[in-house]
K.L.:
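Below is a structure I'd like to ask you about.
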Amino acid sequence: MITLSFVQVNPGLSSLLNIPLEDLEQAFALDVVAPLKLLQSLSSRLHKTRILFIGSYSSQTPRSHWSVYSIGKAAQLMAARCLKKENENLKVGIFYPGAVQTDIFQSAVSKSIDEFPDQPDYQHFVDTNTVKTPIEAGKQI
């Protein structure tokens, strides 16, 4: 039997030196521990299987006040790469959906430039109508 508990990661934006460590622990629980727990519980059934991780460009591009999310997604990306290297019989992919209307995206867009210096980068997706709904991103997969 597979038992996974889900956590709600706080989408708050704060500098690396001010992030509550509990937020970082929740990000790791969601982005790293939960997928690995699922994979380990299914490991005996993973023969020539395809596994898809949902990546984020934030895992590779540092952004001001985006540390919790970026660190969690970077760890997930490395876990996917390690899984691929260690298991030649698995097809491991990473899908990058681009900008998606999530709570953390909305939080970034709603901040002023003083609060979140990279806000214009996210506002650009809204202005150009290139941010996707979660349903649209899911259809791309």
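Just so it is clear, the structure is predicted and the values come from calculations on it, not from any experiment.
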K.L.:
Could you measure the distance from the CZ atom of F116 to the OG atom of S14? Nearest 0.5 Å is fine.
P.N.:
11.0 Å
K.L.:
To the nearest 0.5 Å, what is the distance between CD1 (I141) and CD1 (I54)?
P.N.:
3.5 Å
K.L.:
Answer yes or no: is there a side-chain heavy-atom contact under 4.5 Å between Y122 and V126?
P.N.:
no
K.L.:
How long is the span from the CD atom in Q106 to the CG atom in D103, to the nearest 0.5 Å?
P.N.:
8.0 Å
K.L.:
Are V92 and L42 connected into the same hydrophobic cluster when the rule is that any two of I, L, V, M, F, W, Y join if their side-chain heavy atoms are below 4.5 Å apart?
P.N.:
yes
K.L.:
Of all the heavy-atom pairs spanning F28 and I71, show the shortest one and how long it is.
P.N.:
CE1-CG2, 3.6 Å
K.L.:
CG/D118 to OG/S58 distance, rounded to the nearest 0.5 angstrom?
P.N.:
9.5 Å
K.L.:
What I'd like to find out is whether the side chain of K132 reaches to under 4.5 Å of the side chain of Q140, using heavy atoms alone.
P.N.:
yes
K.L.:
Looking at side-chain heavy atoms only, is the closest gap between K73 and L77 below 4.5 Å?
P.N.:
no
K.L.:
Could you tell me if the side chain of W66 sits less than 4.5 Å from the side chain of I104, heavy atoms only?
P.N.:
yes
K.L.:
Is there a continuous path of hydrophobic side-chain contacts, each under 4.5 Å between heavy atoms, that joins L90 to F95?
P.N.:
no
K.L.:
Please report the shortest heavy-atom distance between D121 and F125, naming the atom on each side.
P.N.:
O-CD1, 3.4 Å
K.L.:
Does the side chain of Q40 pick up a donor-acceptor pair with the side chain of K37 at under 3.5 Å?
P.N.:
no
K.L.:
Step by step, work out the side chain to side chain contact (heavy atoms under 4.5 Å, CB included) result for I51 and L46.
P.N.:
CA-CA 9 Å; I51 299 170; L46 299 178; 4.3 Å; yes
K.L.:
Are any non-hydrogen side-chain atoms of P97 and E136 less than 4.5 angstrom apart?
P.N.:
no
K.L.:
Which heavy atom in S67 sits nearest to a heavy atom in L16, and how many Å separate them?
P.N.:
OG-CB, 3.6 Å
K.L.:
We want to know whether S70 and R63 form a side-chain donor-acceptor pair, criterion being a heavy-atom distance below 3.5 angstrom.
P.N.:
no
K.L.:
Hey, could you give me the CD1/OH distance between I19 and Y69, rounded to the nearest 0.5 Å?
P.N.:
15.0 Å
K.L.:
What pairs with N89 under side chain to side chain contact (heavy atoms under 4.5 Å, CB included), at least two apart in sequence or on another chain?
P.N.:
H47, N87
K.L.:
At their closest point, which heavy atom of A137 faces which heavy atom of V100, and how far apart are they?
P.N.:
CB-CG2, 3.9 Å
K.L.:
Testing the basics here: between P120 and P117, what is the closest heavy-atom pair and its distance to 0.1 Å?
P.N.:
CD-O, 3.4 Å
K.L.:
Has the side chain of Q76 got a donor or acceptor atom that lies under 3.5 Å from a matching backbone atom of V32?
P.N.:
no
K.L.:
Got a second to check how far L83's CG is from L39's CG, nearest 0.5 Å?
P.N.:
6.0 Å
